[in-house]
Structures are given as C-alpha cells and as structure tokens.
Amino acid sequence: MIQIDLTGQVAVVTGGSSGIGLATAELFLRAGASVAICGRDSDRLAQAEASLKAQFPGAQLLAQTCDVLDADAVNAFAQAVQARFGRTDMLVNNAGQGRVSTFADTTDDAWREELDLKYFSVIRPTRAFMPMLRDAAGSGHAAVVCVNSLLALQPEPHMVATSSARAGVLSLIKSLAVELAPQRIRVNSILIGIVESGQWRRRYAKEAQPGQSWEDWTAELARKKNIPLGRFGRPEEAAQALFYLATTLSSYTTGSHIDVSGGVARHV
Ligand code: NDP
C-alpha cells in the first residue's frame, strides 16, 4: 500500500461515527492526520470516539455532536475545529442516509426533506469550513470530497427522491470544483452502490431466513441486484477512495468521481 504522511494536516469527516465515515476517520488517523468527526447521536459518537482512541492511542481527535442540517451546529463544529486544531485541510461530506420511496408514495414534505438532506449536508459544512480550507490551500493543499451514490447516474424508481437529489448534488459538485479551482481547493465525490452499513444489518436481522448467515444473505441480494463483483462493498473500500480523493495522491483531479459500486454502473 502507498504510504502517505498526513502529520500536521487536519481532516474533518461529517457522519464519522459509523460505517463509511468511521472507516475514513480510521484511515486519516492511521496516516497521522488530526481528525474531527460529527454525528447527531451522542452515544454513537462517544462509542466511535472510544473505539478510535483505543486503536490510535494519542490520536488528535475531536468528536462533536452536530446535525449537518442545523446551520448553527455546523458553524459551532467548524469553530471547535478551528479552536482545537487551527486548520482544516480535508473535508469529507459523508453524513446522511437514503430514502426508499416511489413517486406514488413520496409526499411533498418527504421530497423537501430529502432535497434538504442531500443538498445541505454538502452546502452547510462546505461553507462553514471554507475559510480554513482556503488558508490550507494557500499553504499547500485542500480538498472537499463528498459521498454520493451511483443513483446520481443510474436512478432507481424505488428511490425516486434520493436518485433525483443525488443527480443534483453531482451537478453541484461539478460547479463547486470549477468555482474553487482558482483557489486551489479540489472537489470530488465517490459514487457508491451498496455498502455494508447499519441499515443493511438491520434489514438482515428482519428479513434473513433462520440460520442464514450474513454472507449468504448479502450474496443472495447481490445476485438479485446483479452486482457483478457478487457482494456488498465494505465501508473501508469506500473509505480508501475517499482518502485518495482527499489527499495529494489525487492532486491533479477535481470535479470528478470514483465509482465504488462493484461494477453496477452500466454506462460506458
Ligand atoms: P451509516 O448509517 O453507517 O452512517 C451514517 C453516518 O452519518 C452516521 O455517523 C450518522 O450518525 C451520520 N448522520 C446521518 N445523518 C446525519 C446528519 N443529519 N447530521 C450529522 N450526521 C448524520 O451509513 P453509511 O456509512 O452507509 O452512510 C454514509 C453515507 O453514504 C450516507 O450519506 C449515505 O446516504 C451514503 N450512502 C450509503 C449507501 C450504502 O449502501 N451504505 C449507498 C448510497 C449512499 P447519526 O445517525 O448519529 O447522526
């Protein structure tokens, strides 16, 4: 594996208390960065903080409760990062969740909620951390990376609002990348398919046949969903792509995305 030393750099991961965000925080800490994570649930956040501290004793880690849809909380999170670490070099906009609903059963309120979550989970943190990212870019390197979904390019009718919002966010990221390029801030995203996470573990608990293992259940679903690599992705596989896009490993890449879908994308 390519080694990269992030000592002295600061990475912020929204939704860093679980799944992909937590795996990304681990990679940054392993590379020597200081890391700030946030999430809404304080117990989950405290558990994540404890597990990271156990793995990386002496890690420079800030964990703060923050809902990315609450502008004041996001600003307070950015201020806490500024006060603790004095800088932000890399921002990973990861917080969020999907919504399963067809056009027929998506209400106006549900549409608004979904558009709000997908757009403002990117807009608010990016705006709040921008002054620090600009400073970091001035003295070297700065990047924003967003967790997006393959639904942005390959919509699914059973996730109509999420698919539509994901496409809009892909466009937003492209515009941001062009606007921020002169300031030397790169902006990219990953497009993921299905990645093992809390929500899939809960579905397994509800839907699996008695005695059916997690591996068998996910392999069967992967077959049904025609995932060419035949399995769900793992959080660390999404995290590795985020890490690549957040660091100078991808220093000549902006306004782009990496597909982490196990081959589900059908377009050329
Ligand atoms: P997890 O549920 O394991 O992690 C989601 C994280 O985001 C948690 O830390 C959660 O903490 C946090 N979070 C959710 N909403 C907010 C919010 N409003 N403000 C702050 N933190 C929030 O899921 P994943 O790791 O799978 O999800 C990571 C991202 O990947 C999400 O944006 C998701 O939509 C996206 N994604 C995942 C897919 C998959 O198959 N797993 C597929 C496509 C996209 P808390 O709940 O305590 O706030």
Side-chain angles (χ1 to χ4, degrees), residues 12-27 35-49 51-52 63-78 91-100 113-126 128 145-156 158-159 161-167 169-170 173 189-204 218 221-222 225 227 229 231-242 257-262 264-265:
V12 173
V13 183
T14 68
S17 59
S18 167
I20 295 167
L22 181 58
T24 307
E26 284 176 22
L27 285 186
V35 172
I37 58 172
C38 77
R40 293 163 303 175
D41 185 286
S42 52
D43 289 344
R44 197 183 350 251
L45 195 63
Q47 267 177 27
E49 184 181 19
S51 120
L52 290 172
Q64 180 153 323
T65 313
C66 165
D67 183 339
V68 290
L69 299 185
D70 176 342
D72 291 342
V74 174
N75 288 333
F77 181 43
L91 169 66
V92 179
N93 290 317
N94 161 74
Q97 61 196 28
R99 175 183 294 269
V100 177
E113 262 175 34
E114 189 59 7
L115 293 171
D116 208 34
L117 174 63
K118 294 298 179 288
Y119 277 99
F120 284 96
S121 62
V122 173
I123 293 169
R124 292 229 169 87
T126 303
V145 193
C146 303
V147 175
N148 202 342
S149 161
L150 183 63
L151 294 172
L153 299 177
Q154 200 161 281
E156 294 278 359
H158 74 282
M159 295 186 77
T162 297
S163 299
S164 165
R166 291 296 195 190
V169 168
L170 195 60
I173 290 166
S189 63
I190 63 167
L191 302 185
I192 55 178
I194 297 184
V195 172
E196 290 176 11
S197 68
Q199 69 180 344
W200 287 104
R201 288 276 171 186
R202 283 190 291 279
R203 275 190 62 177
Y204 164 70
T218 54
L221 255 179
K225 290 184 173 289
I227 301 175
L229 286 183
R231 61 172 177 84
F232 286 14
R234 293 186 291 272
E236 58 273 23
E237 292 174 317
Q240 283 163 18
L242 289 169
H257 56 259
I258 295 179
D259 176 302
V260 191
S261 72
V264 172

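As a basis for the values below, the full set of heavy atoms in this structure was taken, side chains included, without hydrogen atoms, waters or symmetry mates. Both ligands and their constituent atoms are indexed starting at 1 by order of listing. Just so it is clear, the structure is predicted and the values come from calculations on it, not from any experiment.
Among protein heavy atoms, atom 20 (C) of ligand 1 sits closest to Cys66 O, 3.2 Å. Looking only at protein heavy atoms, the nearest one to atom 22 (C) of ligand 1 is Ala95 CB, 3.5 Å. Remark: minimum distance from atom 38 (C) of ligand 1 to any protein heavy atom is reached at Ile192 CD1, 3.7 Å. Ranking protein heavy atoms by distance to atom 1 (P) of ligand 1, first place goes to Ser18 OG, 3.5 Å. Protein heavy atom nearest atom 16 (C) of ligand 1, with residue, atom name and distance: Arg40 NE, 3.3 Å. Nearest protein heavy-atom neighbour of atom 18 (N) of ligand 1: Asp67 OD1, 2.9 Å. The protein heavy atom nearest to atom 24 (P) of ligand 1 is Ser197 CB, 4.0 Å.
Remark: distances from the non-hydrogen atoms of Pro235 to ligand 1 are all 4.0 Å or more. Heavy atoms of Thr14 come nearer than 4.0 angstrom to ligand 1 in no pair at all.
Side chains of Val74 and Phe120 form no contact here, defined as non-hydrogen atoms less than 4.5 Å apart. Side-chain contact check for Leu52 versus Leu22: some heavy-atom pair is nearer than 4.5 Å. Between His257 and Ile173 there is no side-chain heavy-atom pair separated by less than 4.5 Å. The closest side-chain heavy-atom distance from Met159 to Arg166 is not below 4.5 Å.
The ligand atoms of ligand 1 that sit less than 4.0 angstrom from a heavy atom of Arg44 are 11 (O), 45 (P), 46 (O), 47 (O). Atoms of ligand 1 lying under 4.0 Å from any heavy atom of Trp200, numbered from 1 in the order shown and given with element: 40 (O). Of all atoms in ligand 1, numbered sequentially from 1 with element shown, those under 4.0 Å from a heavy atom of Ile194 are 40 (O).
Ligand 1 has a nitrogen or oxygen under 3.5 angstrom from a nitrogen or oxygen of Asp41. Checked against a 3.5 angstrom limit, the closest N/O atoms of Val68 and ligand 1 fall inside it. For a threshold of 3.5 Å applied to N or O pairs, the pair formed by Val195 and ligand 1 contains at least one separation below that value. Taking any N or O of Ile20, backbone or side chain, at least one lies under 3.5 Å from an N or O belonging to ligand 1.
Around atom 27 (O) of ligand 1, the closest heavy atom drawn from Gly19, Gly96, Gly15 belongs to Gly96. In the candidate list Arg166, Met159, Gln97, Arg99, Arg166 is nearest to atom 44 (C) of ligand 1, counting heavy atoms. Nearest-heavy-atom check against atom 42 (C) of ligand 1 across Gly198, Ser149, Gly193, Ser17 picks out Gly193.
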Subject >> Arg231 vs Glu237, salt bridge (Lys or Arg N to Asp or Glu O under 4.0 Å): CA-CA, chis, key distance, verdict >> reply: CA-CA 12 Å; Arg231 61 172 177 84; Glu237 292 174 317; 2.8 Å; yes

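In this structure, Thr218 OG1 and Arg203 CZ are separated by 12.0 Å, a value rounded to the nearest 0.5 Å. Within the model, atoms CD1 of Ile192 and CD1 of Ile258 stand 12.5 Å from one another, a figure rounded to the nearest 0.5 Å. In this structure, OH on Tyr204 lies 11.5 Å from CD on Glu196, to the nearest 0.5 angstrom. Rounded to the nearest 0.5 Å, atoms CG (Leu170) and NZ (Lys118) are 14.0 Å apart.
Between the side chain of Thr162 and the backbone N or O of Gly98 there is no donor-acceptor pair closer than 3.5 Å. Proximity of a side-chain donor or acceptor of Ser149 to a complementary backbone N or O of Leu191 within less than 3.5 Å is not detected.
Each of Ile190, Val169, Leu153 was checked for a side-chain contact (heavy atoms from CB on, under 4.5 Å) with Asn148, and the lone residue meeting it is Val169.
Within the 4.0 Å heavy-atom criterion, both parts of Asn94, backbone and side chain, lie near ligand 1. At a heavy-atom cutoff of 4.0 Å, ligand 1 is contacted by no atom of Phe232, backbone or side chain. The part of Val147 lying near ligand 1 is the side chain, judged by heavy-atom distances below 4.0 Å.
For the residue pair Ser17 / Asp41, no side-chain donor-acceptor distance below 3.5 Å is found, with atom types taken as modelled.
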